[in-house]
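Only one structure is covered here, and it is reproduced in the block below.
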Number of protein chains: 2
Amino acid sequence: MSPTRAEPDVSFLLDHSSHVLRTRMAAALAEIGLTARMHCVLVHALEEERTQIQLAEIGDMDKTTMVVTVDALEAAGLAERKPSATDRRARVIAVTEKGAEVAKQSQRIVDGVHKAVLDAVPNEDREVFLRVMNGLVSGHLATPVETSQPARRARQSNK
Amino acid sequence: MSPTRAEPDVSFLLDHSSHVLRTRMAAALAEIGLTARMHCVLVHALEEERTQIQLAEIGDMDKTTMVVTVDALEAAGLAERKPSATDRRARVIAVTEKGAEVAKQSQRIVDGVHKAVLDAVPNEDREVFLRVMNGLVSGHLATPVETSQPARRARQSNK
DNA sequence: TATTGTTATACTCTATAACTATA
DNA sequence: TATAGTTATAGAGTATAACAATA
């Protein structure tokens, strides 16, 4: 029996590939003035009437991060905050006509970047690759480990 | 021919899986008081005599980040800065006896976390998965896109 | 002149706290 | 009392600038 070998460096493979893909996506979307977050919000706000909180959950961002993202979309004239018809606390994100057009463009861009990755995978391996990744993401690598201490210490309350 | 469908969300697959794996690795290494960076430096400093700059390149970190990492290793008694025999500007990172033991432990931890991931991949798919990931990392997703504007604006010089 | 390593700190990102309006 | 959204800002991470020592 051959000696024990180090396991393949799965961390490097996933970290590096996701990092490079992220820079590529950011660069591609930047050409039409969007960030990945703006694209995400735009697309999901188009699907149906959604409030900021709902969109924040979908995009896995904090509600305060959501505020910044919506500010950017409003400043670019791509979306508007509208009062919710059913909850006067909440604001629905309405995509403008221009926003809808940009969303179509950005979706094409995103699809293009993803297609380029998949085209780089040999035909006969593509299905297995996607199956394995989907399996990991919904199974063994579905849930982040809870860090015993939060990402940041609770802020000093100085009242 | 069926209508065009959105491409699989490769960004999500890679981002999510790498993020979860990263939290898991951080949690596992934290149990012996290491960060991933400390582990990385420890292991590569053990392989052969290396200076901070060389170790920084291997771990893809800034030299100032390297300073912090080596500070942590020294504080934990796992490594020491030694003057280089050939370049009086440079410092070689010497792993202590305790550091070497910890490195063995941390390597076992890292291998264990990686093995758990691969064990979650069906036997018959594992080889293809690794082949594809290695292919992407050394091919289509080898090099990050150069951001036209740097990650951070140049700092104001106030001399 | 260029490079190693250091210190100090500015910049970005993100999340906590506190608040207002409403449920 | 709890929740949606906002503002202000603290905390963490990281990289730039400047510097001393040396090449």
Side-chain angles (χ1 to χ4, degrees), chain A residues 15 19 22-23 26 30 35-38 40-41 45 49-75 79-94 144 146-147 149-159, chain B residues 15 19 22-23 26 30 35-38 40-41 45 49-75 79-94 144 146-147 149-159:
Chain A
D15 275 350
H19 172 243
R22 184 189 288 268
T23 65
T35 61
R37 260 194 264 254
M38 286 164 78
C40 176
V41 169
E49 269 209 3
R50 289 188 163 123
T51 65
Q52 289 188 202
I53 289 268
Q54 290 171 330
L55 290 166
E57 263 159 28
I58 291 172
D60 191 35
M61 38 183 139
D62 193 86
K63 60 180 181 172
T64 59
T65 306
M66 189 67 201
V67 170
V68 178
T69 306
V70 174
D71 284 350
L73 289 172
E74 277 201 325
E80 287 169 8
R81 292 171 164 97
K82 302 274 192 187
S84 161
T86 58
D87 184 340
R88 279 198 288 173
R89 295 170 304 180
R91 285 136 182 263
V92 163
I93 302 308
E146 301 293 329
T147 38
Q149 53 229 50
R152 178 187 313 158
R153 246 199 323 269
R155 173 178 163 189
Q156 284 316 5
S157 173
N158 53 346
K159 74 161 82 149
Chain B
D15 275 351
H19 172 243
R22 185 189 287 268
T23 64
T35 62
R37 260 194 262 255
M38 287 165 77
C40 177
V41 169
E49 268 209 3
R50 289 190 163 121
T51 66
Q52 290 189 202
I53 288 268
Q54 290 170 331
L55 290 166
E57 264 160 27
I58 291 172
D60 191 35
M61 37 182 140
D62 193 87
K63 60 180 181 172
T64 58
T65 306
M66 189 67 202
V67 170
V68 178
T69 306
V70 175
D71 284 350
L73 288 172
E74 277 201 326
E80 286 168 8
R81 291 172 165 96
K82 302 274 192 188
S84 161
T86 58
D87 185 338
R88 280 197 288 173
R89 294 171 304 180
R91 285 137 182 262
V92 164
I93 303 307
E146 303 292 331
T147 38
Q149 51 229 51
R152 178 186 313 160
R153 249 200 321 270
R155 173 177 162 186
Q156 285 314 6
S157 173
N158 53 348
K159 76 160 77 150

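The sequence lines fix the lettering, A, B, ..., with proteins before strands; numbering per chain opens at 1.
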| message | Rounded to whole Å, please give me the gap between CZ in B:Arg50 and C1' in C:dT4. | response | 17 Å
| Which residues in residues 55-73 of chain B have at least one heavy atom lying under 4.0 Å from any atom of DNA chain D? | B:Asp62, B:Thr64, B:Thr65
| said: Test side-chain contact (heavy atoms from CB on, under 4.5 Å) on B:Val70 and B:Gln52; report intermediate values, then the result. | reply: CA-CA 8 Å; B:Val70 175; B:Gln52 290 189 202; 4.3 Å; yes
| message | Going by side-chain contact (heavy atoms from CB on, under 4.5 Å), name the residues that satisfy it together with B:Pro144, two or more places apart in sequence or in a different chain. | response | A:His19, A:Val20, A:Thr23
| message | For a quick test of reading the model: is some side-chain N or O of A:Gln54 closer than 4.0 Å to OP1 or OP2 of D:dA4? | response | no
| said: Let me confirm one number: the OG-CD1 distance from A:Ser84 to A:Ile93, rounded to the nearest 0.5 Å. | reply: 11.0 Å
| note | In whole angstroms, the gap separating C1' of D:dT14 from NE2 of A:His19 amounts to 13 Å
| field | Test side-chain hydrogen bond (donor to acceptor under 3.5 Å, both in side chains) applied to A:Glu80 - qualifying residues, sequence neighbours left out | value | A:Lys82
| query | Can you list the residues that meet the salt bridge (Lys or Arg N to Asp or Glu O under 4.0 Å) rule with B:Glu74, with sequence neighbours excluded? | reply | B:Arg81
| message | Under the rule for salt bridge (Lys or Arg N to Asp or Glu O under 4.0 Å), what residues qualify as partners of A:Arg22, not counting sequence neighbours? | response | B:Asp15
| query | Using rotation axes that map the C1' atoms of four end pairs onto the next four (five pairs an end), what angle separates the end axes of the helix from C:dT1-D:dA23 to C:dA23-D:dT1, to 10°? | reply | 10°
| query | Does B:Arg89 have any salt bridge (Lys or Arg N to Asp or Glu O under 4.0 Å) partners at least two apart in sequence or in another chain, and if so, which? | reply | B:Asp87
| field | DNA chain D contacts made by residues 80-92 of chain B, counting heavy atoms under 4.0 Å | value | B:Asp87, B:Arg88, B:Arg89
| remark: For A:Glu57, the salt bridge (Lys or Arg N to Asp or Glu O under 4.0 Å) test, sequence neighbours excluded, returns none
Give every donor-acceptor pair under 3.5 Å between a side-chain atom in residues 60-68 of chain B and any protein atom, sequence neighbours left out.
| unit_1 | atom_1 | unit_2 | atom_2 | d |
| --- | --- | --- | --- | --- |
| B:Asp62 | OD2 | B:Thr64 | N | 2.9 |
| B:Asp62 | OD2 | B:Thr64 | OG1 | 2.7 |

| query | What residues form a side-chain contact (heavy atoms from CB on, under 4.5 Å) with A:Ala72, not counting sequence neighbours? | reply | A:Met38
